[in-house]
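Because only heavy atoms are used, hydrogens play no part in the values below, and waters and symmetry mates are left out as well, while side chains stay in. Predicted model, so just to flag it, every value in this text is computed and none were measured. Every chain is numbered from 1, with letters handed out A, B, ... down the list of sequences.
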There are 2 protein chains.
Amino acid sequence: MKQRLAAIGTVEALPHRVAAFLSREIESGELNPGTRLPTEQQLSEKFGVSRNVVREAIAQLRADGMIEARQGVGVFVLAPEQRASIRIDGEALKATGNMERLFELRCILEAESAALAAERRGQEHLDAIKAALDRMSGEERWEEGSIDADLLFHREIARATGNNYIHTFISFVCEQIRRSIHYARLTNPLHDLVEVNVGEHVRIYEALVAGDPTAAEAAMRAHIVGAAERVGVKLPASRAAHSTGR
Amino acid sequence: MKQRLAAIGTVEALPHRVAAFLSREIESGELNPGTRLPTEQQLSEKFGVSRNVVREAIAQLRADGMIEARQGVGVFVLAPEQRASIRIDGEALKATGNMERLFELRCILEAESAALAAERRGQEHLDAIKAALDRMSGEERWEEGSIDADLLFHREIARATGNNYIHTFISFVCEQIRRSIHYARLTNPLHDLVEVNVGEHVRIYEALVAGDPTAAEAAMRAHIVGAAERVGVKLPASRAAHSTGR
DNA sequence: TTATACATATCATCCTACAACTGCGCCGGA
DNA sequence: TCCGGCGCAGTTGTAGGATGATATGTATAA
C-alpha cells in the first residue's frame, strides 16, 4: 500500500517528511508507547521511499528520544518519561502564529531574567551587555544589524543570570521574535523609533549596573510592552503592569 | 586517514558516535559557524565507516538544528542563535546545580502561569485541573501514577492561560522535572509527603477557582519551593520569596 | 520435560549506482 | 574585450541489494 506524503510544493527532504508523519502519529496517540512500528521494509513500501530514507527518519526520531530501535526485534515507541532527550522546534510554535502570546511569554521570562541578572551579574557580563548596547546605539535606523544587537543585548542579560536553562529558553524566544519582526515588517510599517528603543535599553542597563533587581524588572517590562507596541501588538495591561514593586 | 572513534567498551551505534564526535567539535568551537564540514565521502573515510552511517549522523545533527545541508554544495555549521529548535538531554540534569537551575526556571514560568490562569480560566479548565488533582489525591504513595497526575495538573494550568507558547514551554520543563525526580529517587530517598504535596496543590486550585491571581502565584511559588526541597534542591531565597504581594 | 540446535525476522552496516542540484570555468560569438 | 550559454566536476539526495549481528520462536532429540 503506497501512501502519498503530503505533496506540498515544497522541496522538503523525504526523510524529514517521513519523520514528521511518524512523529504526528506518535504525538497524536495513534501509536501508543510500547507499540512496535512497522519494519523498515514495510515503511519504505508504505511511503514509497527507499529503506535508506526510512532509516534516516528513524534516526531523527531516535535522536529526539521518541522511539527506540532494538536490533533483531524492531522499533518501539517510548513513553514520554523514558525519553533520553526533549526538543521543541520552531515549527510547533509557528502554527499558532500569535505574536501577542509570544511577547507575553517573552515578558515573563525576561522580566525575571533581568531581576536575576541584576543580582548576579559580574563585570564581564556588564561589559558584554554594554558592548551590545553600543552597537545598537550606533545604528541610524532599525535595520538588520541593530536587531542583531538588540537581541544580543537580551541574550547577554540572560547569560548573566548564570542559569543556562534561562539562557537557552530566552535565546530561543529571541529567534522566534526575530522571525516575527521580519514578518511584521512586511505587513505593517514599523515605527522606527530608534531613540525610544535605545532609551529603554539604557534604563535596563543602568538598573543592572546599580544591581537593583526591582528597577531592572520594571525597566524590562516597560521595554517589552513598548517593543510589542512598536510591532503592533498590545499586551494585556494586567500582566504588563504586574509586580513592578515588591 | 583513519581515526578511531572513542573506543569505549559500550556498543553504541556507529552513527551516534560519529554525531557525538562532530557535535563536540562544533560545541567546542573547533568548527566555527559558517564553515563547511568535510564531504560525506571524506568523513566516511576519516571515521572508517560507510557513507550511510555518516548520513545518519548528519541527519541527527540537522534535526538538532546544529548544521544545515545544502544539496550540491555541502554541509555547514549553523550559529547557535539561528537554530530552529532547542534540546536538552537527560544527561545534563545529572550535573550538579542543573536541577536547581531547572527549578528556578520552572518557578518563573509556573508562577506567572498560575496568575494568568487565575484570570483567564474557564469552567472546562477548572474541571480538567480538578480531575488531575483528584487522581493525585487518590494515590497512597508518591508513585509513578501520582507523578503523572502531578505534572498533568501543572500542564492543565498552563493550558488554562490560553497561551500555547506557555503551555509548550511548561510541558517541556515538566518532562525535565519528571526525569530529575527519577534521578533524585536513585540518589537520595524522597520524603513521600503525599499529604503535604496534595495540600499545596489544593491551595493553588482554590486560588484558581477564586480567580485570585496574587494568591495563585503565591501558592504556586510556595509549592515549587517545597517540591524542590523534597527532591533535595534548595532555591535561592531571594527569588523564592519574590513578589508574592503586588 | 528439558535443552540444544536451527530457522526466521529484524535492525545495522556496507556497497554501488544514479538522480538532482550547484558552482565554476571553458568556449564561442558579438 | 566582453558576455552569455553550456557543459563538467563535485556534492548531497535517493534507490536498492547484500551481508553481518542479534533476538525470538520452533522443532527435534535426549
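Residues B:Val54 and B:Gln41 are not in side-chain contact: their nearest non-hydrogen atoms beyond the backbone lie 4.5 Å or more apart. Within the 4.5 Å cutoff, the side chain of B:Arg155 has heavy atoms near those of the B:Leu151 side chain. A:Leu37 places none of its side-chain heavy atoms less than 4.5 Å from the side chain of A:Phe76.
Listed pair A:Ser50 / D:dT14 fails the phosphate criterion, with no side-chain N or O lying under 4.0 Å from OP1 or OP2.
Mapping A:Arg70 and A:Glu56 onto DNA chain D via the closest heavy atom, the residue that lands nearer the 5' end is A:Glu56.
Taking the side chain of A:Arg36 as heavy atoms from C-beta on, and the options C:dT13, C:dT10, C:dC11, the nearest nucleotide is C:dT10. When the nucleotides C:dC14, C:dC11, D:dT12 are ranked by their closest atom to the side chain of B:Val53, C:dC14 comes out on top. In the set D:dT14, C:dT22, C:dC11, C:dT22 carries the atom at the smallest distance from any side-chain atom of B:Val73. Closest to the side chain of A:Leu14, from the set C:dC11, D:dT12, D:dA15, is D:dA15.
In this structure, the side-chain hydrogen bond (donor to acceptor under 3.5 Å, both in side chains) partners of A:Glu156, at least two apart in sequence or on a different chain, are A:Arg159.
Aromatic ring centroids of B:His167 and B:His154 lie 6.0 Å or more apart.
Regarding A:Glu45, its CD atom lies at a distance of 12 Å from the P atom of C:dT10, rounded to whole Å. Nucleotide C:dT10 holds its P atom 17 Å from the CD atom of A:Glu68, rounded to whole Å. Distance CD1 (A:Ile58) to P (C:dT10): 13 Å, rounded to an integer number of Å. Regarding A:Phe76, its CZ atom lies at a distance of 17 Å from the P atom of D:dT22, rounded to whole Å. One interatomic measurement links the two molecules: CD of B:Gln41 to C1' of D:dA9, which rounds to 14 Å at whole-angstrom precision. Summarising the geometry, the separation between CD on A:Gln60 and P on D:dG13 is reported as 11 Å, rounded to the nearest angstrom. A straight line from CZ of B:Arg55 to P of C:dA12 spans 17 Å, rounded to a whole angstrom. Taking atom NE2 of B:His16 as the reference point, atom P of C:dT13 lies 12 Å away to the nearest angstrom.
Applying the salt bridge (charged side-chain N to carboxylate O under 4.0 Å, His left out) test to every pair with at least one member in residues 160-172 of chain A, sequence neighbours left out, gives no pairs at all.
B:Ser28 and B:Glu30 share a side-chain donor-acceptor pair at under 3.5 Å.
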Below 3.5 Å between N/O atoms, which protein atoms pair up with nucleotides 16-20 of chain C? Just atom names and distances, please.
{"residue": "C:dA20", "atom": "N3", "partner": "B:Gln71", "partner atom": "OE1", "Å": "3.3"}

